[in-house]
Number of protein chains: 2
Amino acid sequence: METRALTARTSTESTRDIPEATVARLPVYLRALTTLCEAGTITCSSEELASAAGVNSAKLRKDLSYLGSYGTRGVGYDVDYLRYQIAREIGVTQDWPVVIVGIGNLGHALANYSGFRSRGFRVVALLDADPNRHEEVVAGVDVRPFDDLEQIVKEHGVAIGVIATPALAAQDVANRMVASGISSILNFAPAVLSVPEGVDVRKVDLSIELQILAYHEQRKTHGATA
Amino acid sequence: METRALTARTSTESTRDIPEATVARLPVYLRALTTLCEAGTITCSSEELASAAGVNSAKLRKDLSYLGSYGTRGVGYDVDYLRYQIAREIGVTQDWPVVIVGIGNLGHALANYSGFRSRGFRVVALLDADPNRHEEVVAGVDVRPFDDLEQIVKEHGVAIGVIATPALAAQDVANRMVASGISSILNFAPAVLSVPEGVDVRKVDLSIELQILAYHEQRKTHGATA
DNA sequence: AGGAGTTTGTGAACGGGAGAACAAACCGAG
DNA sequence: CTCGGTTTGTTCTCCCGTTCACAAACTCCT
Ligand SMILES: NC(=O)c1ccc[n+]([C@@H]2O[C@H](COP(=O)([O-])OP(=O)(O)OC[C@H]3O[C@@H](n4cnc5c(N)ncnc54)[C@H](O)[C@@H]3O)[C@@H](O)[C@H]2O)c1
Ligand SMILES: NC(=O)c1ccc[n+]([C@@H]2O[C@H](COP(=O)([O-])OP(=O)(O)OC[C@H]3O[C@@H](n4cnc5c(N)ncnc54)[C@H](O)[C@@H]3O)[C@@H](O)[C@H]2O)c1
C-alpha cells in the first residue's frame with residue numbers, strides 16, 4: 001500500500017500502479033480489440049475503440065496511458081500491437097491453470113464454457129464432495145473427490161480457484177483452497193468469505209444483480225408519480 | 001438527473017436519491033439479516049451486521065441512514081423490522097416476473113437456480129431460438145420459441161429479462177426485449193449492448209472476473225522482486 | 001517544405017464514495 | 001431522577017475516478 005518511489009524506474013518494467021477501475025476495463029478493451037482484429041481492422045482511433053467498448057473516449061485514453069504510450073497522434077492505435085500489450089499487462093499471454101469446486105448446475109455450465117480456454121484459463125480439475133459425481137466426465141475432464149484438491153494444486157501450480165458450491169460449504173472450501181496454496185478465488189456462492197491477507201476474492205452474485213435491477217425498476221414505475 | 005427539490009417532501013415517501021454504491025450493498029445486508037433472523041437473533045448492532053456483511057460498520061450505518069432512522073441508539077437494529085424495510089426499499093417484497101432467453105449451458109443453470117424464486121423473482125418463461133430445445137422442460141417450465149417473447153412479456157407484465165445467448169445474438173435479443181416492453185436486462189453474453197435511454201443493463205462477465213484475478217496474481221508473484 | 005487537419009496523452013476541475021470521529025439519543029442501575 | 005455505558009446518525013475530510021479541455025505530435029496534401 002505504501003507509495004512506491006517514482007524515481008529511478010527501470011525502463012524495462014511496465015508502468016506500475018494501475019488503478020483498480022482501469023484494471024476492470026482492460027479486459028473489455030481486449031475483447032473489443034479482438035473483435036476489431038477479426039474484422040480485419042489494422043488501426044483504430046480512441047473514439048472507435050471507446051464506442052466498441054461502451055465507454056467514454058477520454059476515459060479510454062487515460063486508461064491506456066497507464067500502460068504506456070502505445071498510440072500514434074494523428075493516427076490512432078495499431079489494433080494488433082495494442083491487443084498484445086493489454087494482454088501482456090493483465091497476464092492473459094500466460095497459461096493459468098484453474099480448479100472448479102462444486103460441479104452442480106452452475107459448475108457444469110462453467111466447465112463447459114469455452115470462453116475460459118480461449119483467454120488463457122485452463123480447467124485442470126473439477127472437484128466435488130458428492131461421491132455420486134465422481135464417475136462423471138464433464139467437457140473432457142473427470143470429476144474428482146474434493147480431497148484431491150491439495151495434490152492437484154501442487155501438481156499443476158494452480159493459483160486460481162472457482163467456488164460453485166452451496167453457500168454453507170463456501171467458507172470451508174475457501175479455507176482448503178488457501179491452505180493448498182491458492183491465492184485468488186472467484187466465488188459464486190452467496191456468502192461472505194473471509195480469507196487471509198494476500199488472497200484475492202471476487203464474487204459474482206446473480207441475485208444481487210437482479211435485486212439492483214428491481215430497485216431501479218421499482219423507481220421507474222412507482223416514482224413516475226413524482 | 002436534475003436535483004429534486006428537498007423542501008416539502010411528503011412524509012409517506014421513503015427517502016430519495018440513494019447512492020448507487022449503497023443500492024449495490026443493500027442486498028448483501030438483506031442476506032445477512034435473513035441469516036441472522038433464521039438463527040433466532042432479535043436485535044443486532046451495526047458492528048455485528050457489518051461484520052456479517054463484510055463491510056465497515058461506519059459504511060453500514062451511513063448506508064442505512066439513507067433509508068431512514070430504523071435503529072435505536074444504545075441498542076441496535078431490530079433484525080426483522082430492518083429486514084422488511086430493506087426488502088421494501090429494493091422492491092423484493094413484490095413479485096418480479098422474469099424471462100430467460102438462451103437455454104444452453106448457462107440458461108439451464110439459471111433456470112434451475114432456486115435463489116431467484118426465494119427473493120421474489122419468478123421465471124415465467126424460458127425462450128430459445130433453437131427448435132430442438134422446444135420439447136424440453138427445465139425446472140417445470142417448458143422452453144418456448146423466441147418469437148413468443150412479445151406475447152409473454154405483455155401477458156405477464158415482465159419488466160426484467162435475462163440474456164444467456166451467444167454474444168453475436170445478444171444485441172438482437174436485447175432489441176427485441178426492449179421492443180416488447182422490457183426495461184431491465186441482465187446480460188451474461190460477452191457483448192456491449194446499446195439500449196435506449198431509460199433501459200437498465202447490468203452485465204455479468206466471468207472471463208473479465210478471471211482476468212482481473214489473473215492481473216493481480218501476476219503482480220503478486222512477478223512483482224515480488226521489487 | 002509548410003500548413004491544415006486529426007488524434008493522442010495529460011493537467012486540472014469536479015463529483016461521489018470511504019472512513020474517522022463525535023454529538024445525540026437511548027437503556028438500565030442505583 | 002440522575003448518571004454511566006452503549007450505539008446510532010451525521011459531519012467532515014480525504015481519496016479515487018470521471019470528464020473536460022488543450023497542447024503536443026503526427027499525417028497528408030499542396
Ligand atoms: N445455478 C445457478 O444458476 C446459480 C446462480 C447463482 C448462484 N448460484 C450459486 O452457485 C452455487 C452452486 O449452485 P448450483 O445450482 O450449481 O448448486 P448445486 O446444488 O446444483 O451444486 C452444488 C454442488 O456442490 C457440491 N458440494 C457441496 N458441498 C461441497 C463441498 N463441501 N465441497 C465440494 N463440493 C461440494 C455438491 O455435491 C453439488 O454437486 C450455489 O451457492 C448457488 O447459490 C447458482
Ligand atoms: N456457460 C458458462 O458457464 C458461461 C460463462 C460465462 C459466460 N457465458 C456466456 O453466456 C452465454 C451462453 O453460454 P452457454 O454456454 O449457455 O452457450 P450455449 O451455446 O450452450 O447456449 C446458447 C443458447 O442460446 C440459444 N440461442 C442462440 N441464438 C439465439 C437467439 N437469437 N435467440 C434465442 N436463443 C438463441 C442457443 O440455441 C443455445 O441454446 C454465452 O454468451 C457465453 O459466452 C457462459
Side-chain angles (χ1 to χ4, degrees), chain A residues 1-4 6 14-26 28-29 32-33 36 41-79 81-83 85-86 89 212, chain B residues 1-4 6 14-26 28-29 32-33 36 41-79 81-83 85-86 89 212 215-216:
Chain A
M1 278 300 178
E2 72 276 24
T3 56
R4 214 170 294 255
L6 289 177
S14 57
T15 324
R16 296 290 136 195
D17 288 338
I18 297 182
E20 199 49 40
T22 297
V23 171
R25 283 188 294 266
L26 289 180
V28 181
Y29 304 153
L33 284 167
L36 287 173
T41 312
I42 303 300
T43 62
C44 71
S45 68
S46 65
E47 203 75 46
E48 292 173 86
L49 184 53
S51 121
V55 300
N56 189 295
S57 71
K59 188 168 9 181
L60 172 84
R61 288 199 298 278
K62 176 152 282 197
D63 283 342
L64 294 184
S65 75
Y66 292 113
L67 310 187
S69 280
Y70 296 135
T72 309
R73 300 178 184 211
V75 179
Y77 300 92
D78 182 293
V79 172
Y81 181 59
L82 182 58
R83 191 166 72 102
Q85 292 300 336
I86 294 180
E89 188 70 34
I212 294 171
Chain B
M1 279 300 176
E2 72 275 23
T3 56
R4 214 171 293 255
L6 289 178
S14 57
T15 323
R16 297 288 137 195
D17 288 340
I18 297 183
E20 200 50 39
T22 297
V23 171
R25 281 188 295 268
L26 289 180
V28 181
Y29 304 152
L33 284 168
L36 286 174
T41 313
I42 303 299
T43 62
C44 72
S45 68
S46 64
E47 203 75 44
E48 293 173 86
L49 184 54
S51 120
V55 301
N56 187 294
S57 71
K59 188 167 15 181
L60 172 85
R61 288 198 298 277
K62 178 173 278 195
D63 284 343
L64 295 184
S65 76
Y66 291 113
L67 310 188
S69 281
Y70 295 136
T72 308
R73 301 180 182 206
V75 178
Y77 300 92
D78 182 292
V79 172
Y81 180 60
L82 182 58
R83 192 165 71 102
Q85 291 300 337
I86 295 179
E89 187 69 36
I212 294 172
Y215 170 79
H216 292 298

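Chain letters run A, B, ... following the sequence lines, proteins first and then strands; every chain starts at 1. Just so you know, these numbers use all the heavy atoms, side chains as well, and skip hydrogens, waters and symmetry mates.
A distance of 9.5 Å separates CG in Leu60(B) from CG in Leu26(B), rounded to the nearest 0.5 Å. Atom-to-atom distance recorded for Leu67(A):CG and Thr22(A):OG1 is 8.5 Å, nearest 0.5 angstrom. A distance of 8.5 Å separates OG in Ser46(A) from CG in Leu64(A), rounded to the nearest 0.5 Å. Atom-to-atom distance recorded for Tyr70(B):OH and Glu89(B):CD is 7.0 Å, nearest 0.5 angstrom. Taking CZ of Arg25(A) as the reference point, atom NZ of Lys62(A) lies at 11.0 Å (rounded to 0.5 Å).
In this entry the distance linking CG of Leu82(A) with C1' of dG9(C) reads 14 Å, nearest Å. Regarding Glu48(A), its CD atom lies at a distance of 14 Å from the P atom of dT6(C), rounded to whole Å. In this entry the distance linking CG of Leu60(A) with P of dG17(D) reads 16 Å, nearest Å. The interatomic distance linking Leu49(A) (CG) with dT7(C) (C1') rounds to 14 Å, in whole Å.
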### B/S/- contact track for nucleotides 21-30 of chain C, protein heavy atom under 4.0 Å
B--BBBS---
### Message
For a side chain to side chain contact (heavy atoms under 4.5 Å, CB included) check, start with the C-alpha distance between Tyr77(B) and Leu33(B), then their side-chain angles and the critical distance, and finish with the verdict.
### Response
CA-CA 10 Å; Tyr77(B) 300 92; Leu33(B) 284 168; over 6 Å; no
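Of all non-hydrogen atoms in Leu49(A) and Ala32(A), the two that sit nearest each other are CD1-CB, 3.8 Å.
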Within the sub-3.5 Å range, which N or O atoms of nucleotides 12-17 of chain C have a protein N or O partner, and how far apart are they?
{"unit_1": "dA12(C)", "atom_1": "N6", "unit_2": "Lys62(A)", "atom_2": "NZ", "d": "2.9"}

